[in-house]
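Working notes, beginning with the structure itself.
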Amino acid sequence: MRKLKNSELNRLSVDEFKSSEKTSIVIILDNIRSLNNIGSVFRTSDAFLIEKVFLCGITAKPPHKDIHRTALGATESVAWEYREDTLALVKELQEKGVKVASIEQAENAVMLNTFTPEKPNTYALVFGNEVKGVQQQVVSISDYVIEIPQFGTKHSLNISVSAGVVIWDVFSKLAL
(Lines give C-alpha, C1' and ligand atoms only; values in the text may rest on other atoms or scores of the structure.)
Protein backbone atom coordinates (compact mmCIF):
# COMPACT_ATOMS: atom_id res chain seq x y z
CA MET A 1 0.00 0.00 0.00
CA ARG A 2 1.32 3.41 -1.01
CA LYS A 3 0.57 6.72 0.66
CA LEU A 4 -1.09 9.21 -1.65
CA LYS A 5 0.68 12.40 -2.64
CA ASN A 6 -1.03 15.71 -1.96
CA SER A 7 -1.54 16.12 -5.71
CA GLU A 8 -3.57 12.87 -5.74
CA LEU A 9 -6.09 13.93 -3.08
CA ASN A 10 -8.51 15.73 -5.43
CA ARG A 11 -8.84 18.70 -3.10
CA LEU A 12 -11.41 21.35 -3.87
CA SER A 13 -10.30 24.90 -4.49
CA VAL A 14 -11.77 27.53 -2.16
CA ASP A 15 -14.18 28.60 -4.93
CA GLU A 16 -15.22 24.98 -5.57
CA PHE A 17 -15.78 24.49 -1.84
CA LYS A 18 -17.92 27.62 -1.60
CA SER A 19 -20.12 26.49 -4.50
CA SER A 20 -20.39 22.86 -3.30
CA GLU A 21 -23.54 21.47 -1.74
CA LYS A 22 -23.01 21.58 2.01
CA THR A 23 -23.86 19.15 4.77
CA SER A 24 -26.95 20.23 6.70
CA ILE A 25 -24.88 21.00 9.80
CA VAL A 26 -23.86 24.31 11.33
CA ILE A 27 -21.43 24.69 14.21
CA ILE A 28 -21.80 27.07 17.15
CA LEU A 29 -18.71 27.78 19.25
CA ASP A 30 -19.89 29.11 22.62
CA ASN A 31 -17.16 31.16 24.32
CA ILE A 32 -14.17 29.11 23.16
CA ARG A 33 -10.93 30.46 24.62
CA SER A 34 -8.26 28.58 22.68
CA LEU A 35 -7.38 29.99 19.27
CA ASN A 36 -5.94 26.60 18.32
CA ASN A 37 -9.25 24.90 19.12
CA ILE A 38 -11.08 27.44 16.96
CA GLY A 39 -8.72 26.80 14.06
CA SER A 40 -9.06 23.06 14.46
CA VAL A 41 -12.87 23.27 14.33
CA PHE A 42 -12.61 25.30 11.11
CA ARG A 43 -10.38 22.62 9.60
CA THR A 44 -12.79 19.83 10.59
CA SER A 45 -15.70 21.90 9.27
CA ASP A 46 -13.94 22.19 5.92
CA ALA A 47 -13.33 18.44 5.80
CA PHE A 48 -17.05 17.67 6.17
CA LEU A 49 -18.55 20.52 4.09
CA ILE A 50 -20.18 22.25 7.06
CA GLU A 51 -22.62 25.04 6.09
CA LYS A 52 -21.37 27.63 8.56
CA VAL A 53 -19.48 28.19 11.79
CA PHE A 54 -20.87 30.70 14.29
CA LEU A 55 -18.33 32.24 16.67
CA CYS A 56 -20.05 33.48 19.83
CA GLY A 57 -19.17 35.51 22.90
CA ILE A 58 -15.45 35.56 23.69
CA THR A 59 -14.63 33.21 20.80
CA ALA A 60 -11.95 34.93 18.71
CA LYS A 61 -12.50 35.73 15.04
CA PRO A 62 -10.26 35.36 12.00
CA PRO A 63 -7.95 36.68 10.85
CA HIS A 64 -5.60 35.69 13.63
CA LYS A 65 -2.25 33.94 13.24
CA ASP A 66 -3.00 31.32 15.93
CA ILE A 67 -6.37 30.42 14.37
CA HIS A 68 -4.74 30.33 10.94
CA ARG A 69 -1.96 28.04 12.20
CA THR A 70 -4.38 25.19 12.90
CA ALA A 71 -7.11 26.09 10.38
CA LEU A 72 -4.61 25.89 7.48
CA GLY A 73 -6.73 28.22 5.36
CA ALA A 74 -10.15 26.77 6.28
CA THR A 75 -11.26 30.21 7.52
CA GLU A 76 -11.22 31.20 3.84
CA SER A 77 -13.36 28.28 2.66
CA VAL A 78 -15.87 27.77 5.49
CA ALA A 79 -18.56 30.44 5.91
CA TRP A 80 -18.49 31.99 9.37
CA GLU A 81 -20.17 34.72 11.34
CA TYR A 82 -19.62 36.31 14.73
CA ARG A 83 -22.51 36.67 17.19
CA GLU A 84 -22.24 38.24 20.63
CA ASP A 85 -25.07 36.23 22.22
CA THR A 86 -25.19 32.44 21.83
CA LEU A 87 -28.66 32.17 23.37
CA ALA A 88 -30.16 34.70 20.95
CA LEU A 89 -28.53 32.89 18.02
CA VAL A 90 -29.92 29.52 19.14
CA LYS A 91 -33.44 30.98 19.41
CA GLU A 92 -33.09 32.56 15.96
CA LEU A 93 -31.97 29.29 14.39
CA GLN A 94 -34.78 27.36 16.08
CA GLU A 95 -37.30 29.85 14.69
CA LYS A 96 -35.94 28.95 11.23
CA GLY A 97 -36.51 25.25 11.92
CA VAL A 98 -32.91 24.32 12.74
CA LYS A 99 -32.59 21.56 15.35
CA VAL A 100 -30.11 22.59 18.04
CA ALA A 101 -27.98 20.00 19.82
CA SER A 102 -25.72 21.02 22.69
CA ILE A 103 -22.77 18.70 23.10
CA GLU A 104 -22.64 18.31 26.85
CA GLN A 105 -22.80 15.93 29.79
CA ALA A 106 -26.28 16.47 31.21
CA GLU A 107 -29.25 14.71 32.73
CA ASN A 108 -31.17 12.73 30.12
CA ALA A 109 -28.59 13.40 27.42
CA VAL A 110 -28.76 11.20 24.35
CA MET A 111 -25.58 9.22 23.81
CA LEU A 112 -23.94 10.07 20.50
CA ASN A 113 -23.93 6.46 19.33
CA THR A 114 -27.73 6.30 19.71
CA PHE A 115 -28.50 9.77 18.28
CA THR A 116 -30.23 9.53 14.91
CA PRO A 117 -30.44 12.78 12.95
CA GLU A 118 -33.33 12.96 10.52
CA LYS A 119 -33.16 14.29 6.99
CA PRO A 120 -33.91 16.91 5.74
CA ASN A 121 -33.41 18.75 9.05
CA THR A 122 -30.48 21.08 9.54
CA TYR A 123 -28.64 20.59 12.83
CA ALA A 124 -26.72 23.18 14.83
CA LEU A 125 -24.10 21.54 17.02
CA VAL A 126 -23.12 23.67 20.02
CA PHE A 127 -19.66 23.21 21.55
CA GLY A 128 -18.87 25.00 24.80
CA ASN A 129 -16.11 26.66 26.71
CA GLU A 130 -13.11 24.53 27.65
CA VAL A 131 -13.81 24.92 31.40
CA LYS A 132 -17.52 25.65 31.81
CA GLY A 133 -18.94 23.87 28.76
CA VAL A 134 -22.08 25.04 26.99
CA GLN A 135 -23.99 27.74 28.89
CA GLN A 136 -26.84 26.24 30.97
CA GLN A 137 -29.38 28.58 29.33
CA VAL A 138 -28.39 27.21 25.92
CA VAL A 139 -28.50 23.59 27.16
CA SER A 140 -31.96 24.23 28.63
CA ILE A 141 -33.50 25.37 25.33
CA SER A 142 -31.69 22.92 23.05
CA ASP A 143 -33.74 20.41 21.11
CA TYR A 144 -31.19 17.74 22.02
CA VAL A 145 -28.31 17.33 24.42
CA ILE A 146 -25.82 14.85 23.03
CA GLU A 147 -23.13 13.23 25.13
CA ILE A 148 -20.06 11.46 23.80
CA PRO A 149 -19.80 8.12 25.63
CA GLN A 150 -16.52 7.92 27.55
CA PHE A 151 -15.21 5.03 29.59
CA GLY A 152 -11.99 6.16 31.26
CA THR A 153 -11.24 8.21 34.35
CA LYS A 154 -11.39 11.72 32.84
CA HIS A 155 -14.77 11.97 31.08
CA SER A 156 -13.47 15.07 29.38
CA LEU A 157 -12.32 15.64 25.81
CA ASN A 158 -10.68 18.67 24.27
CA ILE A 159 -13.29 20.74 22.41
CA SER A 160 -11.56 20.23 19.06
CA VAL A 161 -11.54 16.46 19.63
CA SER A 162 -15.21 16.54 20.66
CA ALA A 163 -16.03 18.51 17.52
CA GLY A 164 -14.19 16.01 15.32
CA VAL A 165 -15.96 13.04 16.88
CA VAL A 166 -19.45 14.57 16.79
CA ILE A 167 -19.18 16.19 13.36
CA TRP A 168 -17.95 12.93 11.82
CA ASP A 169 -20.69 10.92 13.51
CA VAL A 170 -23.56 13.23 12.52
CA PHE A 171 -22.10 13.69 9.01
CA SER A 172 -21.84 9.93 8.49
CA LYS A 173 -25.42 9.36 9.71
CA LEU A 174 -26.81 12.07 7.44
CA ALA A 175 -24.77 10.85 4.46
CA LEU A 176 -26.26 7.33 4.61
Verify side chain to side chain contact (heavy atoms under 4.5 Å, CB included) between Ser160 and Thr44, making sure each step is shown before the conclusion. CA-CA 9 Å; Ser160 65; Thr44 300; over 6 Å; no
Apply side chain to side chain contact (heavy atoms under 4.5 Å, CB included) to Leu72 and Phe42, showing your working. CA-CA 9 Å; Leu72 296 178; Phe42 267 100; over 6 Å; no
Could you pull out every donor-acceptor pair under 3.5 Å between side chains of residues 162-171 and any protein atom, sequence neighbours left out?
{"unit_1": "Ser162", "atom_1": "OG", "unit_2": "Asn158", "atom_2": "O", "d": "3.4"}
{"unit_1": "Asp169", "atom_1": "OD2", "unit_2": "Lys173", "atom_2": "NZ", "d": "2.8"}

Please check this pair: side chain of Lys22 against backbone of Phe17, looking for a donor-acceptor N/O pair closer than 3.5 Å. yes
hydrophobic_cluster_shared for Leu12 and Val14, side chain cutoff 4.5 Å: no
Quick check: does any side chain N or O of Glu104 sit under 3.5 Å from a backbone N or O of Val134, one acting as donor and the other as acceptor? yes
Please report the interatomic distance CG(Leu125) to CD1(Ile50), rounded to the nearest 0.5 Å. 7.0 Å
Any sub-3.5 Å donor-acceptor pair from Asp66's side-chain atoms to Asn36's backbone N or O? no
Starting at NZ of Lys65, measure out to CG of Leu35 and round the result to the nearest 0.5 Å. 9.0 Å
Can you list the steps and then say if Leu87 with Lys91 is a side chain to side chain contact (heavy atoms under 4.5 Å, CB included)? CA-CA 6 Å; Leu87 186 62; Lys91 289 177 181 178; 4.0 Å; yes
Is the closest side-chain donor-acceptor distance between Glu16 and Ser20 under 3.5 Å? no
When Pro62, Ser45, Pro63 are each screened for side chain to side chain contact (heavy atoms under 4.5 Å, CB included) with Thr75, the one that passes is Pro62
With the side chain counted from C-beta on, respond yes when Ile141 and Gln94 share a heavy-atom pair under 4.5 Å apart, and no when they do not. yes
CZ/Phe127 to OG/Ser102 distance, rounded to the nearest 0.5 angstrom? 10.0 Å
Donor-acceptor contact present, side-chain Glu8 to main-chain Lys5, <3.5 Å: yes
Does Gln105 reach the main-chain N or O of His155 with its side chain, forming a donor-acceptor pair under 3.5 Å? yes
Test log, rule side chain to side chain contact (heavy atoms under 4.5 Å, CB included), inputs Ile58 and Arg33: CA-CA 7 Å; Ile58 66 166; Arg33 298 177 310 162; 3.7 Å; yes
d(Thr70 OG1, Arg43 CZ) to nearest 0.5 Å is 7.5 Å
Distance (rounded to the nearest 0.5 Å) between His64 NE2 and Arg69 CZ: 9.0 Å
Counting only heavy atoms not in Gln137, do more than 12 fall under 6.0 Å of its CD? no
Side chain of Ser34, backbone of Asn37: donor and acceptor closer than 3.5 Å? yes
Once you round to the nearest 0.5 Å, how far does CD1 of Ile159 lie from CD1 of Ile32? 4.0 Å
Backbone N or O of Phe48 within a donor-acceptor pair of the Thr23 side chain at under 3.5 Å? yes
Using a 3.5 Å distance criterion without hydrogens, assess whether the side chain of Thr59 forms a donor-acceptor pair with backbone atoms of Leu29. yes
For residues Ile38 and Ala60, report the shortest heavy-atom separation together with the two atoms involved. CD1-N, 3.6 Å
Parallel, tilted or perpendicular for Phe115 and Tyr144, by the 30°/60° rule? perpendicular
For the pair Lys96 and Glu92, find out whether any cationic side-chain nitrogen is under 4.0 Å from an anionic carboxylate oxygen. yes
Under 4.5 Å between side-chain heavy atoms, counting indirect links through other Ile/Leu/Val/Met/Phe/Trp/Tyr residues: same cluster for Val53 and Ile146 or not? yes
Which pair of heavy atoms, one from Asn113 and one from Pro149, lies closest together, and at what distance? OD1-CG, 3.1 Å
Could you go through the salt bridge (Lys or Arg N to Asp or Glu O under 4.0 Å) check for Glu118 and Lys99 one step at a time? CA-CA 10 Å; Glu118 298 175 1; Lys99 302 295 182 188; over 6 Å; no
So, do Arg2 and Leu4 sit near enough that their side-chain heavy atoms are less than 4.5 Å apart? yes
